[in-house]
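What follows is a short report on a single structure.
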Amino acid sequence: MLKTHDCGQLRAADSGKTVMLAGWVHRRRDHGNLIFVDLRDRFGITQLVFNPDISEQTHAAASDLHIEYVIRVVGQVRERPEGMRNPDMPTGEIEVVATELEILNTAKLPVFHINRESEVDEAVRLRYRYLDLRRQRMQRNLVLYHEVTRFIREHLSNRGFVEIETPILFKSTPEGARDYVVPSRIHPGKFYALPQSPQQLKQLLMVSGFERYFQIARCFRDEDQRSDRQPEFTQLDLEMSFVDRDDILALMEDLLIALVPAVSDKRIATIPFPRLTYAEAMDKYGSDKPDVRFGMTIVDITDIAGKTAFTVFSSAVEAGGRVKAIVAPGCAGYTRRQIDELGQMARDLGAKGLATIQMRPEGPHTPIARFLSPEELESIISRCGAQEGDLVLIVADQPKTVAQVLGQMRTEFGKRLSLVDDNVLAFAWITDFPLLEWDDEEQRYTAVHHPFTAPMDDDLDMLESAPEKVRAKAYDVVANGYEIGGGSIRIHRRDIQERMFAAIGMSREAAQSQFGHLLEAFEFGAPPHGGIAAGMARLVMLLAGEPNIREVTAFPKTQSAVDLMTDAPSYLTPRQLAELHILVDDTHMSNTKDGDA
RNA sequence: GGAGGCGUAGUGUAGUGGUCUAACACGUCGGCCUGUCAAGCCGAAGAUCGCGGGUUCGAGUCCCGUCGCUUCCGCCA
């Protein structure tokens, strides 16, 4: 080892010891004679002192040090003189008086500040990610990620779970997300697909009798990015046999309740986690991943509004729509311009318009006053529970649109009015999802969750007659407006799985060629089973209080799925393409003969 | 595929049609300095204002296009 101690380790009790430290020059304070160097390694920072009275040669060498040089130092630990201790740093009571200095490597000037937490353009950070990862924020976040992973592995291992790896080169299935594919050299024209999740394989492991499986699993989905979505990501994936829904929920809830205090200072809002059905969540929060840290729930005023003379309301109700409202506390004083901006936001979200009631001291003010009787207005206000000083926002439309608009506006006001506490994690379960939904584009039903999700027993006989009414044994765990994980009890019988494939418009032949292995496995004694998968980065992002998952990902890709550091994806050489039996359109070839190579 | 935001020295910002011959902070370089810890003081260098085109007597500033990053919608079994 080039060091006897790390830079976060030495204390007053170590004074007098001769030590060897190695790391990066974090800062240098050159007083001409005395030189102070803050030496940084992964574990902390220790102050070095170079004094010409101790070693003239070493002091002269220290004059040539620059930021981020990699050095090794030999010296004596010394308690700092009274009044010169730094209570803000763990090693602040000591310093190391350097007697020897070796420059292990020089460093170009970093393109951004490594020794301060200043904002830097993210493209620059990603281009030089190895430098960005030296900074405190990323060091802290990646260590947290590791702690979360380690905790989960121990927690589940202690409960009889076995971690089993499943292949990354797998089979393409057209259901679900777009696949990332890998050409086969040995089998011209054939492709592997990278797994979107280990779903089928973990179900097969249940057929194999492992009973309790988990995996910290890499997954790949070729869809557009979001602040909480990367093209490749990691899931905590788990599956259990001989369980029902509440067993999975209890396991996951126990895990999260134990995890949060073990790795963070965040407080869990409510234990046990609240449970909402999908219908309740959409009704009250306008979202299937509601932020339940604050109220402002959506109020249904369809019965009152539908009878008014305001045709926007009544015609929406006649068309099968709903009229709903949220109450923004303390916003009655909004200016005309602010109200107009809210109206524009509502239209941008898909509403035809936005009705408002400003609860002013002199009485309710609303642009639609002339369409409402005083009793109707009073009735709406009373239903919403609006008080003086509040602002009521009303949207009339099809249920889906109303939920979308008011749900998003609720989220906006949650931020705007600081109703959300960043130190709180408000977990909740969303249950009773619909099994299927109609897809206009494809002109068929598609699985809301995935086609292996079991229908509720009571709804099974509607699978063919009223597919949209069938509820699934599916559940999501959400926190602070993010979907943290989702799972279900699975189908474990061939006949029901075949009916499910038929319900999503899949022919027997297609089912056989794509999922024949699974159908066949179900005939060899598949136990009842179910599981859940949770996005690791989303969870760590919330634990770290970060605004996106790139901040907890070592080497993330940009929104256009590019790695700015390596420039992946890149062109292949003609020789590589030939070997893979791939013809690429001239317009999509590199203009250099050797591709990117 | 669509909508919005951003792009000015190494980094972060200011500049919203006319001494902008582009300012400030941090950093960098040179000098001084033996107790600093975001060290201090003095001085200096450093920017074809993302790229291309247009409007104008005049464009960092307005318009069009394009590229990059980002947020959201679609998409994400």
Side-chain angles (χ1 to χ4, degrees), chain A residues 26-39 45-54 59 66-68 78 80-89 91-92 95 97 108-128 131 173-179 195-197 199-200 219-231 233 344-345 347-350 404 408 411-412 433 435-437 439-442 445-453 472 474 483 486 488 500-501 504 506 514-515 533 535 547-548 550 557-560 562 564:
Chain A
H26 192 64
R27 276 196 190 90
R28 190 174 64 112
R29 293 177 291 281
D30 188 342
H31 289 223
N33 279 312
L34 269 191
I35 299 173
F36 298 97
V37 167
D38 288 342
L39 185 67
I45 291 174
T46 298
Q47 175 167 288
L48 311 175
V49 193
F50 295 86
N51 189 330
D53 299 342
I54 305 277
H59 175 268
H66 295 276
I67 283 204
E68 297 305 309
R78 179 173 76 182
R80 293 195 198 181
E82 197 59 46
M84 288 158 198
R85 296 180 188 170
N86 186 341
D88 296 330
M89 51 197 293
T91 61
E95 60 197 3
V97 183
K108 285 172 71 178
L109 187 67
V111 293
F112 46 79
H113 295 294
I114 287 171
N115 56 16
R116 60 180 69 204
E117 293 298 297
S118 52
E119 286 292 311
V120 180
D121 182 79
E122 199 175 351
V124 178
R125 293 174 59 198
L126 294 178
R127 164 81 178 77
Y128 296 95
L131 293 181
T173 51
E175 283 296 306
R178 209 174 280 117
D179 285 320
Q196 300 173 24
S197 98
Q199 181 61 36
Q200 296 180 56
C219 305
F220 307 83
R221 293 177 192 174
D222 186 4
E223 299 292 347
D224 287 348
Q225 315 320 318
R226 290 287 186 279
S227 59
D228 62 349
R229 269 166 37 187
Q230 282 276 304
F233 59 101
Q344 188 55 50
M345 187 195 305
R347 281 189 293 279
D348 289 345
L349 290 166
Q404 163 82 3
Q408 296 258 9
T411 304
E412 165 64 21
F433 281 83
L435 185 71
L436 300 159
E437 65 186 344
D439 185 324
D440 259 340
E441 201 177 317
E442 300 214 19
Y445 284 97
T446 58
V448 169
H449 195 53
H450 56 57
F452 316 112
T453 298
E483 180 193 326
S488 62
M500 181 64 185
F501 286 144
I504 59 172
M506 190 182 288
Q514 284 159 30
F515 300 110
N548 66 63
R550 296 183 302 278
K557 293 185 177 52
T558 67
Q559 193 163 49
S560 51
V562 167
L564 291 178

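The figures here come from the full heavy-atom set of this structure, side chains too, leaving out hydrogens, waters and symmetry mates. Note on naming: letters A, B, ... go to the chains in the order of the sequence lines (proteins, then strands), and numbering restarts at 1 for each one.
Counting non-hydrogen atoms under 4.0 angstrom, A:Gln225 reaches nothing in the nucleic acid. Residue A:Ser118 is out of contact with every strand shown, counting any heavy-atom pair closer than 4.0 Å. Residue A:Gln199 is classed as a base contact, given a heavy-atom separation below 4.0 Å to a base. Across all strands, A:Asp88 comes closer than 4.0 Å to no nucleic acid atom at all (heavy-atom distances). If you check every strand for non-hydrogen atoms under 4.0 Å, A:Asp53 touches a base. Among the heavy atoms of the strands lying under 4.0 Å from A:Glu119 are primed sugar atoms or P, OP1, OP2 only; no base atom is included. Residue contacts for A:Glu122: at a heavy-atom cut-off of 4.0 Å it reaches the sugar-phosphate backbone alone, with no base atom in range. Among the heavy atoms of the strands lying under 4.0 Å from A:Ser560 are primed sugar atoms or P, OP1, OP2 only; no base atom is included.
B:A39 atom C1' lies 14 Å from atom NE2 of A:His26, rounded to whole Å. For the pair A:Asp30 CG and B:C29 C1', the interatomic distance rounds to 14 Å; values are reported in whole Å. Here B:G4 presents its C1' atom at 14 Å from CD of A:Gln408, a figure rounded to the nearest Å. Note: CG (A:Asn86) to P (B:G35) measures 17 Å, nearest angstrom. Spacing between atom CG of A:Asp348 and atom P of B:A3 amounts to 12 Å, rounded to whole angstrom units. Put simply, CZ on A:Arg229 is 11 Å from C1' on B:C73, counting in whole angstrom units. As a whole-Å value, the separation of A:Asn33 CG from B:U36 P is 15 Å. For A:His113 and B:A9, the NE2 to C1' distance is 13 Å, given to the nearest whole Å.
Neither OP1 nor OP2 of B:U36 sits under 4.0 Å from any side-chain N or O of A:Arg29. Dashed line: the shortest gap from a side-chain N or O of A:His66 to OP1 or OP2 of B:C29 is under 4.0 Å.
For B:C67 and B:G30, the P atoms lie 43 Å apart once the distance is rounded to whole Å. Across the C1' atoms, B:U66 and B:C75 are found 26 Å apart, a figure rounded to whole Å. Nucleotides B:G65 and B:G5 place their P atoms 13 Å apart, quoted to the nearest Å. Only the C1' atoms considered, B:G4 is 30 Å distant from B:A25, to the nearest whole Å. B:G31 sits 29 Å from B:G12 when the P atoms are compared, rounded to a whole Å. Rounded to whole Å, the separation between the P atoms of B:C42 and B:C26 comes to 12 Å. Distance noted for atom P between B:A22 and B:C6: 25 Å (whole Å). Separation of the C1' atoms belonging to B:U8 and B:A23 is 11 Å when rounded to the nearest angstrom.
Nucleotide B:C37 forms no Watson-Crick or G-U wobble pair with any nucleotide shown, as no partner meets the under 3.5 Å limit on both distances. Pairing for B:G74 is absent, with no Watson-Crick or G-U wobble pair whose two atom distances lie under 3.5 Å. Nucleotide B:C69: paired with B:G5 (Watson-Crick or G-U wobble, both distances less than 3.5 Å). Across all strands shown, nothing is found opposite B:U55 as a Watson-Crick or G-U wobble partner with both distances under 3.5 Å. Across all strands shown, B:U28 is found opposite B:A44 as a Watson-Crick or G-U wobble partner, with both distances under 3.5 Å.
Donor-acceptor pairing under 3.5 Å, judged by distance alone, is present between the side chain of A:Asp224 and the base of B:G74. You'll find a donor-acceptor pair under 3.5 Å spanning the side chain of A:Glu95 and the base of B:G35, going by distance alone. The base of B:C69 has none of its N or O atoms less than 3.5 Å from a complementary donor or acceptor on the side chain of A:Arg125. With hydrogens and angles ignored, a donor-acceptor pair closer than 3.5 Å exists between the side chain of A:Arg226 and the base of B:G74. A donor N or O paired with an acceptor N or O is not found under 3.5 Å between the base of B:C37 and the side-chain atoms of A:Arg27. Not a single donor-acceptor pair, N or O on each side, falls under 3.5 Å between the base of B:C37 and the side chain of A:Arg28. Checked by distance alone, A:Arg78 brings a side-chain donor or acceptor within 3.5 Å of a matching partner on the base of B:G35.
Of all the heavy atoms in A:Leu349 and A:Gln404, the pair that sits closest is O-CG, 3.6 Å. Here the closest non-hydrogen pair linking A:Ser197 and A:Cys219 is CA-SG, 3.8 Å. Between A:Arg80 and A:Thr91 the shortest heavy-atom distance is NH2-O, 4.3 Å.
Interatomic distance, CG of A:Asn115 versus NE2 of A:His26, reported as 5.0 Å (0.5 Å rounding). Rounding to the nearest 0.5 Å gives a distance of 10.5 Å between CZ of A:Arg221 and CG of A:Asp179.
Aromatic stacking of A:Phe112 on B:U11: not satisfied for centres closer than 5.5 Å together with planes under 30 degrees. Residue A:His31 and nucleotide B:A39 are classified as a stacked aromatic pair, their ring centres being separated by less than 5.5 Å at an interplanar angle below 30°.
Both A:Asp38 and A:Glu223 lie close to RNA chain B; mapped to their nearest nucleotides by heavy-atom distance, the more 5′-ward contact belongs to A:Asp38.
The pair A:Glu122-A:Arg550 meets the salt-bridge criterion, with a side-chain N (NZ, NE, NH1 or NH2) lying under 4.0 Å from an Asp/Glu carboxylate O. Note on A:Asp38 versus A:Arg29: salt bridge recorded, some NZ/NE/NH1/NH2 to OD/OE distance being below 4.0 Å.
Counting only heavy atoms from C-beta on, A:Phe36 has its side chain closest to B:G35 among B:G27, B:U71, B:G35. Looking at the side chain of A:Met84, the nearest of the listed nucleotides B:U70, B:G35, B:C76 is B:G35. Here the side chain of A:Gln559 is nearest to one of B:C69, B:U71, B:C76, namely B:U71.
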Requested in this report: Under the side chain to side chain contact (heavy atoms under 4.5 Å, CB included) rule, what do A:Met500 and A:Thr453 come out as? Steps first, then yes or no, please.
Outcome: CA-CA 9 Å; A:Met500 181 64 185; A:Thr453 298; 5.7 Å; no
Query raised in the report: Stepwise, does the side chain to side chain contact (heavy atoms under 4.5 Å, CB included) test hold for A:Phe36 with A:Arg27?
Result: CA-CA 8 Å; A:Phe36 298 97; A:Arg27 276 196 190 90; over 6 Å; no
